[in-house]
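Accompanying notes for the structure given below.
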Amino acid sequence: MPELNAHLERAFYERPTIDVARDLLGQILVSETPQGRTAGRIVETEAYRGADDPASHAARLRTGRVEAMWGEPGIAYVYRSYGIHAMLNVVTEPLGTTGAVLIRALAPLVGVDLMRIRRGLGEERLLCSGPGKLCQALAIGLDLHSTDLVTSERLWITPGASPRDVSLSGRIGISRGQDHPWRYWITGNPHVSAHRRAQSSAE
DNA sequence: ACCTGGATCTTCT
DNA sequence: GAAGATCCAGGTA
C-alpha cells in the first residue's frame, strides 16, 4: 500500500471546477478516525459551479453552509440530502468565487472491513458506489463541513495514479442544468454509482 | 408556523 | 418500478 499521508495542495483546488472534477479521478480520499483508517480511489465526480449553473446550490443561496462555496479552495462542503445522506463536495476556484466538486464514488482501498461494518454490507462493489454510500463508509458527516482538506489529519486527498480513460455525461439526480456534461468517471470502473443513467453517453 | 422540494439508497413487488 | 425514510432551508402566512 502506498503512503497516503501526503495532501494535495491548495493550488490543485484553486482552478476551474471542470478541471478539478476531471483531475480528481484516480486520487485517493482518506478518512482517519479512532476506529481506523478508510480510503478509496475516486472513480466518479460531478462539477457544480455558481450563478451560471442552475443545479448548483450557489445559484440560489448564499446562506448557512452554502456560504462555503465562496470560501477557500480545498475545504469540504458537506450537506444532507433527502434527509438521510451526507454528500461530500470539495470547494474549488479562488476565494470569493463559487465552485465545488461532488465526490460520487470510490473504489475501496484501505479499511474495507471497517467500511463493511459501517455500511452493514459485505459486497465490496456496493460499499462506496454512490455519494451517500461513500460518506457512510468513510464516516463523513455534517460535522466535517468546512474541514480544510489541505491541512486536516481527519479527512484529506492524497495523490494517486491517473486513470487511463475518462468518460463524461450529464449530471445525475437533478432536474435543472443536465445539459452540461459535467459528470466524470473512470471508464469501465465497476465502482461507479449504479444509477440507471450511469451507462449513458460515454465520452 | 406550515409547506415543499430535494446533487439518495434500500427494500419491497 | 415505486415508495419510504427523514433533515434542512426558503418561501409564504
Side-chain angles (χ1 to χ4, degrees), chain A residues 13 16-18 20-22 24-25 29 38 40 42-71 75-93 98-108 115-147 149 155 157 167-186 190-201:
Chain A
Y13 304 104
T17 307
I18 307 296
V20 177
R22 187 196 55 233
L24 274 175
L25 295 176
L29 179 66
T38 44
I42 298 171
V43 299
E44 182 181 351
T45 61
E46 278 177 1
Y48 287 87
R49 308 217 297 191
D52 63 330
D53 179 0
S56 174
H57 294 168
R60 292 175 23 115
L61 313 173
R62 189 172 179 173
T63 53
R65 25 179 25 95
V66 185
E67 180 71 35
M69 284 188 69
W70 278 263
I75 68 171
Y77 165 41
V78 184
Y79 70 95
R80 187 171 296 287
S81 179
Y82 293 93
I84 316 281
H85 307 285
M87 300 280 147
L88 172 65
N89 299 255
V90 186
V91 173
T92 60
E93 311 265 358
T98 48
V101 174
L102 173 67
I103 310 296
R104 282 197 59 91
L106 306 175
M115 294 183 190
R116 287 195 175 102
I117 292 167
R118 288 172 176 158
R119 295 271 296 120
L121 289 173
E123 195 177 339
E124 183 173 317
R125 206 178 55 80
L126 300 178
L127 291 177
C128 300
S129 56
K133 299 177 185 178
L134 72 90
C135 285
Q136 188 182 15
L138 302 212
I140 298 167
L142 299 191
D143 54 311
L144 293 186
H145 181 65
S146 291
T147 301
L149 304 185
L155 183 69
I157 301 176
S167 300
L168 58 146
S169 76
R171 292 169 295 181
I172 289 183
I174 59 176
S175 51
R176 290 171 298 200
Q178 292 170 321
D179 41 325
H180 301 295
W182 289 343
R183 170 174 174 254
Y184 298 85
W185 72 95
I186 296 179
H191 297 278
V192 302
S193 63
H195 195 280
R196 279 185 293 287
R197 275 172 281 184
Q199 278 77 23
S200 72
S201 68

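Note on naming: letters A, B, ... go to the chains in the order of the sequence lines (proteins, then strands), and numbering restarts at 1 for each one. These numbers were taken from a predicted model, which means no experiment stands behind them.
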What I want to check is whether the side chains of Gln136(A) and Arg118(A) have a donor and an acceptor closer together than 3.5 Å.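 Short answer, no.
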If only side-chain N and O atoms count, and only distance matters, is there a donor-acceptor pair under 3.5 Å linking Thr17(A) with Glu93(A)? yes
Stems in DNA chain C: runs of 3 or more consecutive Watson-Crick or G-U pairs, distances under 3.5 Å? B:1-6 with C:7-12, B:8-12 with C:1-5
From [options], pick the nucleotide closest to the side chain of [X]?
X	options	answer
Lys133(A)	dT8(B), dA7(B), dT10(B)	dT10(B)
Ile174(A)	dA7(B), dC8(C), dC9(B)	dA7(B)
Met87(A)	dT6(C), dA7(B), dT8(B)	dT8(B)
Leu121(A)	dC8(C), dT10(B), dA7(B)	dT10(B)
Arg80(A)	dC7(C), dA7(B), dT6(C)	dC7(C)

Would the distance check show the side chain of [X] and the main-chain N or O of [Y] forming a donor-acceptor pair, the cut-off being under 3.5 Å?
X	Y	answer
Arg65(A)	Val78(A)	yes
Arg116(A)	Gly120(A)	no
Arg171(A)	Ala47(A)	yes
Ser169(A)	Arg183(A)	no

When Arg104(A) is tested against each of Thr45(A), Leu134(A), Ile172(A) for side chain to side chain contact (heavy atoms under 4.5 Å, CB included), which residue passes?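 In the set Thr45(A), Leu134(A), Ile172(A), the residue that makes a side chain to side chain contact (heavy atoms under 4.5 Å, CB included) with Arg104(A) is Ile172(A).
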Spacing between [X] atom [atom1] and [N] atom [atom2], to the nearest angstrom:
X	N	atom1	atom2	value
Glu67(A)	dC8(C)	CD	P	19 Å
Ile103(A)	dA7(B)	CD1	P	17 Å
Met115(A)	dC9(B)	CE	C1'	18 Å
Tyr77(A)	dA9(C)	OH	P	10 Å
Arg65(A)	dG6(B)	CZ	P	19 Å
His57(A)	dT8(B)	NE2	C1'	12 Å
His180(A)	dA7(B)	NE2	P	15 Å
Ile140(A)	dT8(B)	CD1	C1'	15 Å

Donor-acceptor pair (no angle test) under 3.5 Å: Tyr82(A) side chain, dA5(C) base: no
Between dT10(B) and Arg119(A), is there an OP1 or OP2 to side-chain N/O distance shorter than 4.0 Å?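 It does, given that an N or O in the side chain of Arg119(A) lies less than 4.0 Å from OP1 or OP2 of dT10(B).
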Give the intermediate values and the outcome of side chain to side chain contact (heavy atoms under 4.5 Å, CB included) for residues Tyr48(A) and Asp53(A). CA-CA 7 Å; Tyr48(A) 287 87; Asp53(A) 179 0; 4.1 Å; yes
Are Tyr48(A) and the base of dA7(B) stacked, counting only ring centres nearer than 5.5 Å and planes tilted under 30°?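 Yes; by the centre-distance and plane-angle rule, Tyr48(A) counts as stacking on dA7(B).
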Provide the distance between the two C1' atoms, one in dA9(C) and one in dC9(B), to the nearest whole Å.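 Straight-line distance between the two C1' atoms is 22 Å.
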Taking atom P in both dG5(B) and dA13(C), compute the distance separating them and give it to the nearest angstrom. 15 Å
Would you indicate what Leu142(A) reaches in the nucleic acid, counting non-hydrogen atoms under 4.0 angstrom: base, sugar-phosphate, or nothing? sugar-phosphate
Closest-nucleotide mapping onto DNA chain C: is Gly83(A) or Arg60(A) further toward the 5' terminus? I mean the 5' end.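 Upstream on the strand: Gly83(A).
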